[in-house]
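Order of appearance sets the numbers: ligands from 1, and atoms from 1 within every ligand.
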Amino acid sequence: MKKLVLFLAAQFLFVAMYAQTDAQYMKKADEIHRKYLTVDTHNDTAMYLNHPDGEDWSVAKGQVSFPKMKEGGLDAAFFAIFLDQGPLRESSRDSVYAYAMNEIALFKNYVAKHSDEAAFAYTPKDLKKLKKEGKRGVVLALENGYGVGIDLAKVDSFYVAGCRYITLCHNYINDICDASRYPSPNGYDGLSEFGEQVVRRMNELGMMVDVSHASTATLYDVIKLSKAPIFASHSSVRAIKDHPRNLTDQEIKDIAATGGVIQLATGRWCLTNAPKKETSVKHLADHIDHIKALVGPEHIGLGTDFDGGGGMVDFEDCSKMKNLTVELLKRGYTEKELEMFWGGNFMRVWEETIKVAKEIAKGKK
Ligand SMILES: [Zn+2]
């Protein structure tokens, strides 16, 4: 009997200690999210917020809202205007541009209605200021350069509208480049001539060139041509999950060599072959570990792809961000590394992109 009591007491003590440790990790995570700027560089939530009832949403589930961002300690997010790839015809190009501009206008109305909670950011400084004010930072992005058509002036139009990166393509070839998911027999073997002009213009404007979704040949054309660090807004590790959208170790090394950053996407499709109900922050943390071991902690961040296929168990929406921080703390990540992961690395790339634009304007690059 005495032995049993001792055994139970030991068990209770172990559980109590363990529980306390978990609580301590969460306390530390709270502190980190309070102290440092946290950024998610990709969600597809804008269209969902624009049309919450009116569309047939096969993927969007409302994983991002300003209250959920606040709860999860997420300061800022890039809200992409997503364009499905359509035909490369003049009329289609015109209509997709009009659609994109209308979506931006609708989303601006939405954010204006929530001005007590959130505001648009156009520069890294804006994001830092909004964090101090306790407001969520909202940055626009264009997912799929299809919206640019074959008119370079439209790159400027999207910049003026507030977009701070353009994902060059989606799953199919467009006028700019080849895509990774479904290679086309009529491809350019990378960037088209027009695509080269687009990258140059984006450099001049200080707009980040997003290589997520682009083919390997496109990536290497951008590495050769772009004067700014390479930016992948939502891509994961091919060595762990063999998916054409994911980046190979060589690609990760070459992106890191430009001073760039890989913002890891979430969701079973890009993380693991494990069943969906078993896919968790642990799988995402494995991808983070892999990049850290390969090129160091300076080249990793997060682009959840929420409302576009992102999310796992314990990471169902942006209110659960701190669960990832807890997992990384358990794996021995330092406060400094977590500061870099949650925003430091990405902000370095954004700031450098703007600096490059200023140098180009002065004729120094
Ligand atoms: Zn995407």
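Within a 6.0 Å radius of CG in N171, other residues, nucleotides and ligands contribute more than 12 heavy atoms.
Atom CG of residue D286 and atom CD of residue E327 lie 8.0 Å apart, to the nearest 0.5 angstrom.
Between T258 and F231 there is no side-chain heavy-atom pair separated by less than 4.5 Å.
Protein N/O/S atoms closer than 2.8 Å to the Zn ion (ligand 1), listed by chain and residue number, are E143 OE2, H213 NE2, H234 NE2.
The aromatic rings of F66 and H114 lie perpendicular to each other, with more than 60° between the two planes, well past the 30° mark.
For K320, the side-chain hydrogen bond (donor to acceptor under 3.5 Å, both in side chains) partners are E316, not counting sequence neighbours.
Looking at K253, its side chain never comes within 3.5 Å of a backbone N or O of L294 through a donor-acceptor pair.
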